[in-house]
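Since the structure comes first, as structure tokens, the remarks are kept for the end.
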2 protein chains.
Amino acid sequence: MSQASVTKGPRRADAQRNYELILAAARTAVAERGGNIVLEDIARDAGVGIGTLYRHFPTRQDLLEATFLNEALELKDRARALADETASLEALVGWLRLQMDFGAHGRSMGAAVMNAKHTEGSPIQTACLGMRDAGAVLLRRAQDDGLVREDIDMIDLLRLTHGIVLASEQARDNQRVDSMFELVIAGIRR
Amino acid sequence: MSQASVTKGPRRADAQRNYELILAAARTAVAERGGNIVLEDIARDAGVGIGTLYRHFPTRQDLLEATFLNEALELKDRARALADETASLEALVGWLRLQMDFGAHGRSMGAAVMNAKHTEGSPIQTACLGMRDAGAVLLRRAQDDGLVREDIDMIDLLRLTHGIVLASEQARDNQRVDSMFELVIAGIRR
DNA sequence: TACTATACGGAGGAATCCTCCGTTTGCAAG
DNA sequence: CTTGCAAACGGAGGATTCCTCCGTATAGTA
């Protein structure tokens, strides 16, 4: 789904292979334990030395961002698909729900990554902007249809949905997540 | 303001004194660095050994909770004061804003503590429940006045405000915090 | 096959956490 | 005031995790 994992410039075959092994191990670990992954464990799971992990991902943040990158790309694609298929408000609401699902799946790493300030022009920065812009199209459609207030913007909406995920992280309670989300949707309606 | 720091049972004078020194140092540190405090630093600032710190607060969570306890008590008092002084909706909104201010001040520790599952009957659990109940009175009043939807409850409302604080932690942007909060308020109105 | 730029791997130093236990001290009883 | 001891102190040090550094191995090329 979406453009396969972004490959860096020309590298030796073993480097490329290890890069992907590490990323795969990190994705699994993040899904299980969230941002509290132990980097030495990732390296062991990937079957590489800790030095290799640090060469590919110099900081913890780098690894987490790479883990999240594919999801950002997929969320962008999903936004575009929804724009083609579904009525404006339903599309917007459906996409925001996807944000929460992805966020919960990644144990809120998505939210943490989204909100961090990224280097200008970095892959993750580009992916986040692309995702947000794709969402903004959905918002614009719903506003043009007169269904959503004009003074809402996508940045606030994304932050709020991520906030719901963050605040519900320990007390995993889908019932409450739904009612909070519904409350937010009520707030953006015209 | 509010009942002074909750003192434990009969203790030796030095124990009581150190308990308070540690707590004071922890409050300062949390205000500055949030939940990432280094416990050895706290002990040094308080002028006690690390062993003493751990005797009084066996786990990091214990210390953070104690740090937050006074704030919870004060928020309870503020809710009661607002109930006496102000129109129902304004009181509710004002109190929720206080929640966010306190949360931001404590670097989101409040939210983290509130959402953690506490031992039944522990001081922090009691304080959180007391605070929430006091807030629920404000909500009830606004609902009775027909200004707020009946299907809203205080748990969701608190989580949402804490979610806003959490999601805005890095990108400290008061403008956006306000607009998200306003959006939530719009969502609870009738 | 030989050469070298590239990549690998893990030992080990630093930061932080937390426990354990020998030493000190408040305070109550005599 | 002394004495006795439960209560409290404090910090050395083991465990965990992070991250760097550098000697070793190898992919790709000529």
Side-chain angles (χ1 to χ4, degrees), chain A residues 5-68 107 109 112-113 116 119, chain B residues 5-68 107 109 112-113 116 119:
Chain A
S5 59
V6 186
T7 29
K8 284 285 180 58
R11 315 206 269 196
R12 254 169 58 170
D14 52 351
Q16 180 62 31
R17 180 163 30 81
N18 284 336
Y19 179 90
E20 272 152 18
L21 285 172
I22 294 167
L23 205 42
R27 287 213 187 87
T28 305
V30 165
E32 282 173 5
R33 289 185 284 288
N36 299 325
I37 48 175
V38 176
L39 297 193
E40 320 247 346
D41 290 351
I42 306 283
R44 192 168 27 68
D45 289 355
V48 305
I50 185 64
T52 299
L53 185 147
Y54 275 100
R55 194 165 334 94
H56 286 298
F57 305 97
T59 72
R60 171 192 216 66
Q61 184 70 7
D62 287 332
L63 180 55
L64 294 176
E65 286 179 0
T67 299
F68 179 65
R107 298 297 201 101
M109 275 321 304
V113 169
T119 337
Chain B
S5 60
V6 186
T7 29
K8 283 284 180 56
R11 315 207 271 195
R12 256 170 54 172
D14 52 350
Q16 180 62 30
R17 179 162 30 82
N18 284 335
Y19 180 90
E20 273 152 19
L21 285 171
I22 294 167
L23 205 43
R27 288 212 187 88
T28 305
V30 165
E32 282 173 6
R33 288 184 285 288
N36 299 324
I37 48 175
V38 176
L39 298 193
E40 319 246 347
D41 290 350
I42 306 283
R44 191 168 29 68
D45 289 354
V48 305
I50 185 66
T52 298
L53 184 148
Y54 276 100
R55 195 166 333 95
H56 286 298
F57 305 97
T59 71
R60 166 188 281 285
Q61 184 70 7
D62 287 331
L63 180 56
L64 293 176
E65 286 179 0
T67 298
F68 179 64
R107 299 298 201 100
M109 276 320 303
V113 169
T119 336

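Quantities reported herein were computed from a predicted structural model and do not represent experimental measurements. Residue numbers start from 1 in every chain, and the chains themselves are labelled A, B, ... in the order their sequence lines are given, proteins ahead of strands.
Using modelled atom types, one side-chain atom of Thr67(A) and one backbone atom of Leu63(A) make a donor-acceptor pair closer than 3.5 Å. At distances below 3.5 Å, at least one donor-acceptor pair connects side-chain atoms of Arg60(A) with backbone N or O atoms of Gly35(A). Without hydrogens or angle criteria, Asn18(A) side chain to Ala15(A) main chain gives no donor-acceptor distance under 3.5 Å.
Scanning all heavy atoms of the two residues, the minimum distance from Ala43(A) to Leu53(A) falls at N-CD1, 3.8 Å. Nearest heavy-atom pair across Leu64(A) and Val30(A) is CD2-CG2, 4.0 Å. The two residues Ala29(B) and Ile42(B) come nearest to each other via the heavy atoms CB-CD1, 3.3 Å.
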Check: protein-nucleotides 27-30 of chain D nitrogen or oxygen pairs below 3.5 Å:
unit_1, atom_1, unit_2, atom_2, d
dA27(D), O4', Arg12(A), NE, 3.4
dG28(D), OP1, Ala13(A), N, 3.2

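When rounded to the nearest whole Å, the span between OH of Tyr54(A) and P of dC19(D) equals 4 Å. Atom CG in Leu21(B) sits roughly 15 Å away from atom P in dA8(D) (whole-Å rounding). Protein atom CG of Leu63(A) is 16 Å distant from nucleotide atom P of dT17(D), rounded to whole Å.
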Where does DNA chain C pair, written as one dot-bracket string 5' to 3', with Watson-Crick or G-U pairs under 3.5 Å, ( ) inside the strand, [ ] for crossing pairs and | for another strand? ||||||||||||||||||||||||||||||
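Neither OP1 nor OP2 of dA8(D) sits under 4.0 Å from any side-chain N or O of His56(B).
Counting heavy atoms from C-beta outward, Phe57(A) and Glu65(A) have side chains that stay 4.5 Å or more apart. By the 4.5 Å heavy-atom criterion applied to side chains, Thr59(A) and Asp62(A) are counted as neighbours.
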Side chain to side chain contact (heavy atoms under 4.5 Å, CB included) assessment of Gln16(B) paired with Glu20(B): CA-CA 6 Å; Gln16(B) 180 62 30; Glu20(B) 273 152 19; 2.5 Å; yes
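Arg60(B) comes within contact range of the sugar-phosphate backbone alone, with a heavy-atom separation under 4.0 Å but no base atom that close.
For Thr119(A), the side chain to side chain donor-acceptor pair (under 3.5 Å) criterion is met by no residue, not counting sequence neighbours.
Taking a 4.0 Å limit (strictly below) on heavy-atom distances, residues 32-51 of chain B reaches DNA chain D at Val48(B), Gly49(B), Ile50(B), Gly51(B).
One finds the CZ atom of Phe68(A) at 12.0 Å from the CZ atom of Arg27(A) (value rounded to the nearest 0.5 Å).
Between Arg17(A) and Asp14(A), none of the side-chain N atoms (NZ, or NE/NH1/NH2) sits under 4.0 Å from a carboxylate O, so this pair counts as no salt bridge.
Pairs passing the side-chain hydrogen bond (donor to acceptor under 3.5 Å, both in side chains) check and including a residue from residues 28-39 of chain B, sequence neighbours excluded, do not occur.
Along DNA chain C, the nucleotide nearest Ala15(A) and the nucleotide nearest Pro58(B) are compared for position; the residue whose nucleotide lies closer to the 5' end is Ala15(A). Nearest-nucleotide positions on DNA chain C place Thr59(B) closer to the 5' end than the other of Thr59(B) and Arg55(B).
Note that the first and last nucleotides of DNA chain C, 5' to 3', having any atom under 4.0 angstrom from a heavy atom of chain A are dA5(C) to dA11(C).
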